[in-house]
Undergrad: 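The following block contains the structure, expressed as structure tokens.
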Protein chains: 2
Amino acid sequence: MAGTKKSTLALVAERAGVSIASVSRVLNGLSASADVTERVQQAASDLGYVPDATARSLKVGRTEQIALAVADAANPVYMSMMNEVSRVVADGGYRLVLSSTGADPANELDLLSGLDRGFVDGLILSPLRVTDELVEHLRRSRIPIVVLGSLPEGVPLDNVRADSVIGMRLALKHLAKQGRRRIAFLNGPVDTVPGATRLRGYLAAVEEYGTAQQADLQVEADDFTFAAGLPAAEALLDQSSPDAIVCANDLLAVAALKAIARRGLRVPQDIAVVGMDDTEIAQLVHPTLTSVDLGAAKRARTAAKLLLRRLGDPDAEVRQVVIEPKLRVRESSAKDAAREPSRTEASR
Amino acid sequence: MAGTKKSTLALVAERAGVSIASVSRVLNGLSASADVTERVQQAASDLGYVPDATARSLKVGRTEQIALAVADAANPVYMSMMNEVSRVVADGGYRLVLSSTGADPANELDLLSGLDRGFVDGLILSPLRVTDELVEHLRRSRIPIVVLGSLPEGVPLDNVRADSVIGMRLALKHLAKQGRRRIAFLNGPVDTVPGATRLRGYLAAVEEYGTAQQADLQVEADDFTFAAGLPAAEALLDQSSPDAIVCANDLLAVAALKAIARRGLRVPQDIAVVGMDDTEIAQLVHPTLTSVDLGAAKRARTAAKLLLRRLGDPDAEVRQVVIEPKLRVRESSAKDAAREPSRTEASR
DNA sequence: ATCGTTCTTGTAAACGTTTACAGGAGCCGC
DNA sequence: GCGGCTCCTGTAAACGTTTACAAGAACGAT
């Protein structure tokens, strides 16, 4: 069947006794006589011909590749996003180039400059920090970019974001309704976009629902990870005695669960815990974790579709989509402890 | 600084008043007079010139891209592998193209045939199932492939695998030494490579340590996921009363923990649980999960390095690396329940 | 029978690089 | 002062496609 040597249009043409133009036409389904079609197809299959992607790209000016750049691919929420993007993009006939930018904004800039090399047709970018310089680069990019996450007003780029302010509101409302008054906030770095907006949401909700507002109810982990969350949660429990903790992240929430368990306190009886992102982890831990679903999968899917749309129609109007958060109540904040998870999701 | 219009060698040449060959040479650091060098660099930066990746690829016959194909990107163990590969590959100056093949072997075959289109220089493949047809395709591939996982004898391909038979042996030895006699096995699909070898390892270890060998101590989940593991674990507890469960996977192990908790049994006092892969999840759950570290990160890193090596030297001798498993004892199998995790890993 | 259509096919240019080759300038030693 | 050397630079070919254009064949209509 497939030979092991490289094969080219010219070879096929020679074998079929036609010109390379005819071969190209037949293989691309353009008009050709039955005779030529037959001979070309025969020759092509004899030689196991496969068109060269690079040459084609150079000629048609498209690579059929899309880049996805996320800050921290180790975070489960990015993983689920990646999976969604991967699927949509593949369905659209594109390959996915992965770009792990890491926490350093410089990498994002590097990536953006590198984009002009034209190795992808479009980019989905999920920046942790949005600097002016980044925005400037985004504006003058030669290829379509859709941003996954918040963007300053007036930047004319497709983007899809979660409304985490409302998300925090949902969490605090839920807790306040149970009579929780000392609701703490375990945040990640506040100099990141998610960290900043979630803090804003927390403060607004504390105000709205009239729960305790004390500085010692807020703590900031060095990173949105379990490892960073653990000491932060410990510190929080040391410095205050909350009756609920809402966390910027499921990983941080799991860290809170652990810190609470180490002190012999009970969840949710003594302290309720609410996470954010509603990753798979929320359902794995014990007790299962109440979490604010910011629609990561949906955001990712939407972003990918927006990009495909723009690749198809570069002049389409700019669209900014906001995904509405949903609260997934589970054991870690249930009023009656015996309650089952409210919803079971398949994990794949 | 960078202009927003596309720029080409010819434009730079014109502006600098030299030939395109000279421009290319200067930009690639080849010999050139100070005068020309100066003028070219000036012109290039004026125009914000960036070389076109596609054209370069076509000419030099390399794409600087490497593909990574995994069956199920949603599995946390693949995620960690992906991160490692991503890093090594990036350090080597390559981009990473992600290919989620899914459970269907047909997709892997598609991918392999597509590889001849030459959009990547090499491939790291982690197949769930290894069919003859797959092996045949692997042999006649035109680009280097390194296989992440077991491979039939005599296939001359770089590969790196875990010795999960020894891994299972470690797990059972640990449990048997505690006096556990009814050690159950919660496996994933046995028609996959991991499923098959882990079963083999379990049976051999049961033999070696003389623990109970009963059919009802073995159960097979439909997939290596939490969702699939839950009913399987329930069934296991229904049909037998093990004093330990070793699982093919951390996700399955977490499912076992949950099923056990639902019955009001205690871990590890009533039933010890051991997982496999030692993913981050093992440290998040309560109780923390003893797990066999199959060196996923190390395997991935090694595979990536092997591929880079072969890309640099196509005639290097074929290397097959086996990574030695290590047991990470944690609370879920501790003899004395108050014991702390034996080792704390940073999560990033 | 001739002209005009339509349909098929081949020739050749183009995409943006890299690089083999050759021509020319400068320089040295004799 | 001239052959030979080195060093620099330009011309042009090549990578493997796609596609505009023209040429030719076949055929119908007048």
Undergrad: Does the side chain to side chain contact (heavy atoms under 4.5 Å, CB included) test come out yes or no for B/L311 and B/I66, once each step is laid out?
TA: CA-CA 10 Å; B/L311 287 172; B/I66 285 178; 3.9 Å; yes
Undergrad: Verify the neighbour count for atom CG of B/N28: are there more than 12 heavy atoms of other residues, nucleotides or ligands below 6.0 Å?
TA: yes
Undergrad: Take A/L9 and A/R25, find for each the nucleotide of DNA chain D with the closest heavy atom, and name the residue whose nucleotide sits nearer the 5' end.
TA: A/L9
Undergrad: For A/R39, enumerate each residue passing the side-chain hydrogen bond (donor to acceptor under 3.5 Å, both in side chains) test, keeping only those at least two apart in sequence or located in another chain.
TA: A/D35
Undergrad: Applying side-chain hydrogen bond (donor to acceptor under 3.5 Å, both in side chains), can you list everything that pairs with B/D313, at least two apart in sequence or on another chain?
TA: none
Undergrad: Hey, can you pull the donor-acceptor pairs under 3.5 Å for the side chains in residues 119-127 of chain B, sequence neighbours left out?
TA:
| from | atom 1 | to | atom 2 | distance (Å) |
| --- | --- | --- | --- | --- |
| B/D121 | OD1 | B/T63 | N | 2.8 |
| B/D121 | OD1 | B/T63 | OG1 | 2.8 |
| B/D121 | OD2 | B/T63 | N | 3.1 |
| B/D121 | OD2 | B/E64 | N | 2.8 |
| B/S126 | OG | B/L148 | O | 3.3 |

Undergrad: How bent is the helix from C/dA1-D/dT30 to C/dC30-D/dG1, comparing axes over its five end pairs at each side, to the nearest 10°?
TA: 60°
Undergrad: To the closest 0.5 Å, what do you measure between CE (A/M79) and OH (B/Y78)?
TA: 12.5 Å
Undergrad: Under a 4.0 Å heavy-atom cut-off, which of residues 26-35 of chain B touch DNA chain D?
TA: B/S31, B/A32, B/S33
Undergrad: So if I take residues 15-23 of chain A and measure heavy-atom distances to DNA chain D, which residues fall below 4.0 Å?
TA: A/I20, A/A21
Undergrad: Kindly state each residue pair satisfying salt bridge (Lys or Arg N to Asp or Glu O under 4.0 Å) with at least one member in residues 143-157 of chain B, sequence neighbours excluded.
TA: none
Undergrad: Distance-only check: which donor-acceptor pairs under 3.5 Å involve side-chain atoms of residues 301-308 of chain A, not counting sequence neighbours?
TA:
| from | atom 1 | to | atom 2 | distance (Å) |
| --- | --- | --- | --- | --- |
| A/R301 | NE | A/E84 | OE1 | 3.0 |
| A/T302 | OG1 | A/K298 | O | 2.6 |

Undergrad: Counting only heavy atoms not in B/E133, do more than 12 fall under 6.0 Å of its CD?
TA: no
Undergrad: Measure the CG-CD1 distance between B/L138 and B/I145 for me, rounded to the nearest 0.5 Å.
TA: 5.0 Å
Undergrad: Give a yes or no on this: more than 12 heavy atoms of other residues, nucleotides or ligands lie within 6.0 Å of atom CG of B/D191.
TA: yes
Undergrad: What distance do B/D52 atom CG and B/T8 atom OG1 have between them, rounded to the nearest 0.5 Å?
TA: 9.0 Å
Undergrad: In residues 52-60 of chain A, what residues come within less than 4.0 Å of DNA chain C, judged by heavy atoms?
TA: A/L58, A/K59
Undergrad: Under the side chain to side chain contact (heavy atoms under 4.5 Å, CB included) test, which residues partner B/Q320, sequence neighbours left out?
TA: B/N159, B/R161, B/V318
Undergrad: Atom CD of A/E14 to atom P of C/dG10: distance rounded to whole Å?
TA: 14 Å
Undergrad: Supply the atom-to-atom distance A/R87 CZ to A/M82 CE, rounded to the nearest 0.5 angstrom.
TA: 13.0 Å
Undergrad: Please enumerate all residues that pass side chain to side chain contact (heavy atoms under 4.5 Å, CB included) together with A/V193, with sequence neighbours excluded.
TA: A/V130, A/S150
Undergrad: I'd like the 5' and 3' limits of the part of DNA chain D contacted by chain B, with heavy-atom contacts below 4.0 Å.
TA: D/dC8 to D/dG16
